[in-house]
Amino acid sequence: MPRVALSPEQRKRHKIKDLTEWINGRMRSKGLAQADIAKALNISQEAVSIRLNPKTYERNIRADPFRYGDLLIIFKLLEATPEEKERLLTL
């Protein structure tokens with residue numbers, strides 16, 4: 001089956017969805033809650049919930065879920081490997 005060329009906007013939405021799915025999966029495997037991520041980022045649990053909701057980005061309400069510094073904190077908390085960091089940081 002031939003591949004379909006995605007627009008840059010579609011690619012970005014897929015990357016954001018991959019990032020949020022990775023964070024949710026890793027939180028589950030580590031036994032962490034959104035409140036733990038919120039505490040590490042010094043934001044509310046509700047803010048974390050909104051940032052992890054991919055539908056927010058499909059409607060183009062927000063540009064990116066997390067800043068670079070936030071991602072570094074999350075990766076440290078969730079013990080991301082260097083390969084995972086490289087893959088997830090290339091938005």
Under the salt bridge (charged side-chain N to carboxylate O under 4.0 Å, His left out) test, residues paired with Lys30 that sit two or more places apart:
Glu79

Please enumerate all residues that pass side-chain contact (heavy atoms from CB on, under 4.5 Å) together with Ala33, with sequence neighbours excluded.
Asp36

Determine, stepwise, if the pair Asp70 / Arg51 fulfils salt bridge (charged side-chain N to carboxylate O under 4.0 Å, His left out).
CA-CA 11 Å; Asp70 294 341; Arg51 291 179 184 195; 3.4 Å; yes

Measure across Leu19 and Leu88 and return the closest heavy-atom pair with its distance rounded to 0.1 Å.
CA-CD2, 4.0 Å

Can you name the residues that form a salt bridge (charged side-chain N to carboxylate O under 4.0 Å, His left out) with Glu84, not counting sequence neighbours?
Arg26

OG1-CD1 distance between Thr20 and Ile23, expressed to the nearest 0.5 angstrom
7.0 Å

If you look only at pairs with a residue in residues 22-54, which of them pass as a ring pair (Phe, Tyr, Trp, His ring centres under 6.0 Å), with sequence neighbours excluded?
Trp22-Phe75

Sequence neighbours excluded, the answer for side-chain contact (heavy atoms from CB on, under 4.5 Å) partners of Ile73 is Ala40, Leu41

Inspect the surroundings of NZ in Lys76 and state if more than 12 heavy atoms from other residues, nucleotides or ligands are less than 6.0 Å away.
no

Could you list the residues that satisfy salt bridge (charged side-chain N to carboxylate O under 4.0 Å, His left out) with Arg28, not counting sequence neighbours?
none

So how far is it from Ile37 CD1 to Ser49 OG, rounded to the nearest 0.5 Å?
12.5 Å

Working to the nearest 0.5 Å, report the span between CE of Met27 and CD1 of Ile74.
9.5 Å

Once you round to the nearest 0.5 Å, how far does NZ of Lys39 lie from CG of Leu32?
12.0 Å

Of all residues at least two apart in sequence or in a different chain, which pass the side-chain hydrogen bond (donor to acceptor under 3.5 Å, both in side chains) check with Gln45?
Gln34

Side chains of Phe66 and Leu72: does their closest heavy-atom pair fall under 4.5 Å?
no

